[in-house]
Amino acid sequence: MAYQVPDILAMAYKQPVMQNELALLQEKEQQIPGSVQYAIKRYGKHPQWSLDDMGEIVYHYKKDDPTQNYLELRFCVAGNVYCKKKDIECDSCKLNASPGCSERIDTVDVLSFRFLPVHLSQFARPRSHYVNLRGTDSTVSDNLLEFKHSSSFAKSLSLCGRTRLVLETLLNHNFTGAHENIFVNAQSQMLLLYSLECMVGEKEVEGFQCKFLANEADREKIIQAREILLQHIGEPLTIKELSRKVAINECYLKKGFKEMFGTTIFDFYQGQRMEHARYLLYEKGLSVTEVSLMLGYSSISHFSTAFKKHTGLKPCELLLH
């Protein structure tokens with residue numbers, strides 16, 4: 001029997017929530033084999049509800065059936081606003097000048113992210129810096145990422161400022177289609193990093209080791225560089241080109257990126273390309289040749305090698321799922 005975990009909305013509300021009390025405003029869900037599987041549900045907040053924002057990491061382990069193993073992140077947050085006409089983007093919404101707009105609804109948002117072993121294995125490989133826990137107790141994290149911990153458990157997480165920011169961007173972004181997939185995948189990995197750090201007891205860092213990151217303008221340049229990488233999944237950029245686009249020294253860019261996001265520029269970009277390839281192959285049904293060309297590879301064999309290194313599968317194997 002699968003490990004049973006109480007509903008996080010009921011936990012945040014501190015009592016059972018009846019279905020007739022919930023007004024579902026928006027729902028998004030995606031299931032791609034071997035990739036992060038996520039569900040986002042936004043509910044209208046009842047005026048009399050009092051909820052605590054909550055996060056939780058759930059480790060599902062079944063010794064006799066490893067196919068049932070997965071790691072899950074769950075969050076319940078209130079205080080956000082949903083607008084039915086967000087896609088139209090009226091001027092008032094753009095300027096945030098109309099808090100009394102009848103289209104704006106206070107929400108309770110429930111988000112869940114499920115990581116399967118085949119997806120997590122990339123982070124636990126020896127000498128891989130794809131996700132760097134920056135000095136935390138790596139044994140705890142490695143045991144979870146490799147599913148060596150011998151029993152299921154659930155642990156509540158405090159929502160630090162970094163986690164709240166990621167959740168807010170996931171709820172309010174304007175990406176659609178393939179761009180949305182790239183964006184959600186990248187943000188879910190940040191949630192995984194922050195959640196593992198929180199679980200093993202790392203205190204949120206108030207400052208930065210790189211002194212130049214104390215400057216908000218320089219931090220914004222690093223963030224902008226990450227956004228540019230996500231926008232150019234099929235158009236590989238050199239670090240020199242990227243540094244010119246955001247007007248920052250190459251050395252500062254590399255050091256700042258590693259400190260802010262826990263990974264090198266190359267590893268981050270390569271990981272996002274391969275996750276996007278997985279999406280194009282499975283969700284969009286494109287051929288290996290088409291995906292290879294879209295991602296800017298000079299040959300199918302180079303693409304196939306990179307894809308297998310990242311996912312453990314050949315591209316053609318994913319098409320057979």
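Only heavy atoms go into these numbers, but all of them, side chains included; no hydrogens, no water, no symmetry mates. Residues take their numbers from the sequence shown, with the count starting at 1.
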Asker: Just so I know, are the side chains of P66 and Y61 near enough to count as touching, which here means a heavy-atom distance under 4.5 Å?
Answerer: no
Asker: Please determine whether a side-chain nitrogen of the Lys or Arg among E241 and R244 lies less than 4.0 Å from a carboxylate oxygen of the Asp or Glu.
Answerer: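 Salt bridge absent between E241 and R244.
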Asker: Without swapping roles, check the side chain of H232 against the backbone of I228 for a donor-acceptor pair under 3.5 Å.
Answerer: yes
Asker: To the nearest 0.5 Å, how far apart are CG in L280 and OG in S287?
Answerer: 10.5 Å
Asker: Would E27 and E29 count as a side-chain contact (heavy atoms from CB on, under 4.5 Å) here? Give the steps.
Answerer: CA-CA 7 Å; E27 182 175 17; E29 186 172 349; 4.3 Å; yes
Asker: Can a donor-acceptor pair be found between the side chains of H60 and Q68 at a distance below 3.5 Å?
Answerer: no
Asker: What are the two closest non-hydrogen atoms of P315 and V288, and how far apart are they?
Answerer: CB-CG2, 3.7 Å
Asker: With no hydrogens and no angle check, do the side chains of E168 and N80 hold a donor and an acceptor under 3.5 Å apart?
Answerer: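 There is no such pair between these side chains.
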Asker: Do the non-hydrogen side-chain atoms of F257 and L229 ever get within less than 4.5 Å of each other?
Answerer: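 A side-chain contact exists here, since the closest heavy-atom pair is under 4.5 Å.
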Asker: If I compare all heavy atoms of Q270 with all of A306, which pair ends up nearest, and what's the gap?
Answerer: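 Answer, listing the atom of Q270 first, then A306: NE2-CB, 3.5 Å.
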Asker: Of all the heavy-atom pairs spanning F113 and L191, show the shortest one and how long it is.
Answerer: CE1-CD1, 3.5 Å
Asker: Under a plain distance cut-off of 3.5 Å, with no hydrogens placed, do S299 and H302 share a side-chain donor-acceptor pair?
Answerer: yes
Asker: Roughly how far, to the nearest 0.5 Å, is the CG atom of L167 from the CG atom of L111?
Answerer: 6.0 Å
Asker: Hey, does S243 have a side-chain heavy atom less than 4.5 Å from the side chain of E250?
Answerer: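 Result yes, sub-4.5 Å side-chain heavy-atom pair found.
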Asker: Relative to each other, are the rings of F147 and Y59 parallel, tilted or perpendicular (30° and 60° limits)?
Answerer: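 The arrangement is parallel - the two ring planes meet at less than 30°.
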Asker: Decide whether a cation-pi geometry holds between R114 and Y70; the criteria are a distance under 6.0 Å from NZ or CZ to the six-membered ring centre and an angle within 45° of the ring axis.
Answerer: yes
Asker: Could you check whether D53 pairs with R164 (Lys NZ or Arg NE/NH1/NH2 to Asp/Glu carboxylate O, under 4.0 Å)?
Answerer: yes
Asker: Working to the nearest 0.5 angstrom, can you tell me the gap between L281 CG and H276 NE2?
Answerer: 10.0 Å
Asker: At what distance, to the nearest 0.5 angstrom, does CZ of F307 lie from CG of L295?
Answerer: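 Rounded to the nearest 0.5 Å, the CZ-CG separation comes out at 10.0 Å.
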Asker: Could you label the plane-to-plane angle of the F175 and H179 rings as parallel, tilted or perpendicular, counting under 30° as parallel and over 60° as perpendicular?
Answerer: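 The rings of F175 and H179 stand perpendicular, inter-plane angle above 60°.
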Asker: Report yes if the side chains of H173 and V184 come closer than 4.5 Å at any heavy-atom pair, otherwise no.
Answerer: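 Answer yes - side chains close enough.
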Asker: Using a 4.5 Å cut-off on heavy atoms from C-beta on, say whether the side chain of I265 contacts that of K254.
Answerer: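 Answer yes - side chains close enough.
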Asker: If the threshold is 4.0 Å, N to carboxylate O, is there a salt bridge linking K28 and E180?
Answerer: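 Result for this pair is yes, salt bridge flagged.
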Asker: Between L196 and Y194, does the side-chain contact (heavy atoms from CB on, under 4.5 Å) criterion hold? Intermediate values first, please.
Answerer: CA-CA 6 Å; L196 289 176; Y194 298 154; over 6 Å; no
Asker: Is there a side-chain contact between Y297 and R273 (heavy atoms, below 4.5 Å)?
Answerer: yes
Asker: Could you check whether the rings of F153 and H149 sit parallel, tilted or perpendicular, using 30° and 60° as the cut-offs?
Answerer: perpendicular
Asker: Could you give the distance from OG1 (T264) to CD1 (I239), rounded to the nearest 0.5 Å?
Answerer: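 It is 8.0 Å, given to the nearest 0.5 Å.
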Asker: Work out which heavy atom in Q187 is nearest to a heavy atom in R226; give both atom names and the distance.
Answerer: OE1-NH1, 3.0 Å
Asker: At what distance, to the nearest 0.5 angstrom, does CG of L71 lie from CG of L145?
Answerer: 7.5 Å
Asker: Can you spot which of K45, K41, R42 makes a salt bridge (Lys or Arg N to Asp or Glu O under 4.0 Å) with D109?
Answerer: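 In the set K45, K41, R42, the residue that makes a salt bridge (Lys or Arg N to Asp or Glu O under 4.0 Å) with D109 is R42.
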Asker: Does anything in residues 288-306 pair up under salt bridge (charged side-chain N to carboxylate O under 4.0 Å, His left out), and if so which pairs, sequence neighbours excluded?
Answerer: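 Applying salt bridge (charged side-chain N to carboxylate O under 4.0 Å, His left out) to every pair that reaches into residues 288-306, excluding sequence neighbours, yields nothing.
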Asker: Would you mind reporting whether N185 and Q272 have side-chain heavy atoms less than 4.5 Å apart?
Answerer: yes
Asker: Is there a side-chain contact between D218 and Y252, using heavy atoms and a 4.5 Å cut-off?
Answerer: no
